[in-house]
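The structure under discussion appears below in the form of structure tokens.
All residue numbers in this chain count up from 1 along the given sequence. Side chains included, hydrogens not; waters and symmetry mates left out as well; all remaining heavy atoms used.
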Amino acid sequence: MNANSKYKKEDVVVQNHDNVDIYEGNMKDKTVIGVDDQKRPVIQYKDERSRKLWWDASNANILTKPRSDDDVQVKMDACLEMIDYLKKNKAPSGVVLDPTHVSSKAGYYREGREFTKTKDVLGKGNSAGDIIVIKDKTTHTESAHKTMMISYFREEEIRAWVDLNETGIPPALYCFKLEGNKIHIFMEKIDRGITLRDIIDTHMGNIRAENPNLARPFSLYVFHGLLSAVHTMHQKGWTHRDLHRKLNVRSSKTS
């Protein structure tokens with residue numbers, strides 16, 4: 001385009017409407033735009049090229065094979081910088097917050113040595129594999145064990161968790177550690193937890209069928225519990241920003 005050309009933005013939009021429509025039509029014919037389990041946009045092709053378009057940085061903290069001389073220097077510098085930081089700051093690979101449930105030996109907490117897996121699976125994490133139940137070999141207590149890739153990890157999750165650990169809102173956090181390219185989290189196993197979806201689909205359905213007059217006060221009771229939890233988080237300086245129907249709700253007896 002000539003540097004002296006003058007045009008209006010509106011003219012460009014109108015003149016290119018047909019091209020945009022054609023482009024969008026072709027894209028709709030060839031692709032499906034959706035989201036993955038992390039609610040990230042994903043373009044899926046309808047032909048053999050089907051692939052997800054995002055970059056996963058979970059190759060951190062594992063062995064790497066540089067592809068060029070320049071890459072050797074970059075990777076070597078990054079690795080040596082990490083080693084130097086660990087040496088200078090005595091940085092641990094993890095933190096045990098409750099030794100009554102996590103009995104680390106010589107600074108390690110390993111499957112088959114300090115704890116064993118059970119066959120119980122509690123569910124799927126948003127960015128992890130199965131959330132399983134493990135049993136500590138020394139304390140003989142059970143914990144829920146969750147893993148996630150480094151690229152999905154957010155330090156705010158742990159900081160907020162520790163701040164709220166004594167409020168009873170989240171399950172108790174026992175330990176977190178870095179191992180390879182994964183973060184391992186050991187936490188309280190909630191035996192009587194239900195989700196908001198369970199409450200809406202099952203409990204509210206039963207109440208409406210058996211005593212419709214209780215539907216409103218029960219809804220207010222659940223809503224009050226949610227607001228109280230959110231209010232407590234706000235008082236601690238945290239916001240949830242991910243309230244949804246699969247949110248786990250701690251169930252407890254009242255006298």
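The two atoms that bring Arg110 and Glu114 nearest to each other are N-OE1, 2.7 Å, heavy atoms only. Minimum interatomic distance between Thr138 and Asp136 (heavy atoms only, all atoms of both residues): N-OD1, 2.8 Å. The minimum heavy-atom distance between Ile62 and Gly180, with the atom names listed, is CG2-C, 4.5 Å. The shortest non-hydrogen separation linking Ile185 to Ile158 is CD1-CD1, 4.2 Å. Across Pro66 and Val72, no two heavy atoms sit closer than the pair CB-CG2, 3.4 Å. Minimum interatomic distance between Ile169 and Ala229 (heavy atoms only, all atoms of both residues): CD1-O, 3.4 Å.
Of the possible polar contacts, one joining the Lys137 side chain to the Gly112 backbone as a donor-acceptor pair under 3.5 Å is found. Not one N or O on the side chain of Trp238 forms a donor-acceptor pair closer than 3.5 Å with the backbone of Thr232.
To the nearest 0.5 Å, the span separating OG on Ser219 from CG on Leu214 amounts to 10.5 Å. Rounding to the nearest 0.5 Å gives a distance of 6.5 Å between OG1 of Thr64 and CG of Asp71. Remark: Thr116 OG1 to Ile134 CD1 distance equals 7.5 Å, nearest 0.5 Å. The NE2 atom of His234 sits 10.0 Å away from atom CG of Leu227, with the distance rounded to the nearest 0.5 Å. Rounded to the nearest 0.5 angstrom, Lys87 NZ and Leu80 CG are separated by 9.5 Å. Within the model, atoms CD1 of Ile199 and CE of Met204 stand 10.0 Å from one another, a figure rounded to the nearest 0.5 Å.
Donor-acceptor pairing under 3.5 Å is recorded for the side chains of Gln73 and Asp77.
Clustering ILVMFWY residues whenever any of their side-chain heavy atoms sit less than 4.5 angstrom apart, transitively, puts Ile183 in the very cluster that holds Val162.
Ring orientation note: the planes of Tyr109 and Phe186 are nearly perpendicular, at an angle over 60° on the 30°/60° scale. Using bins of under 30°, 30° to 60° and over 60° for the plane-to-plane angle, the ring pair Phe115/His145 lands in the perpendicular bin.
By the 4.0 Å N-to-carboxylate-O rule, Glu157 lies close enough to Lys146 to be salt-bridged with it.
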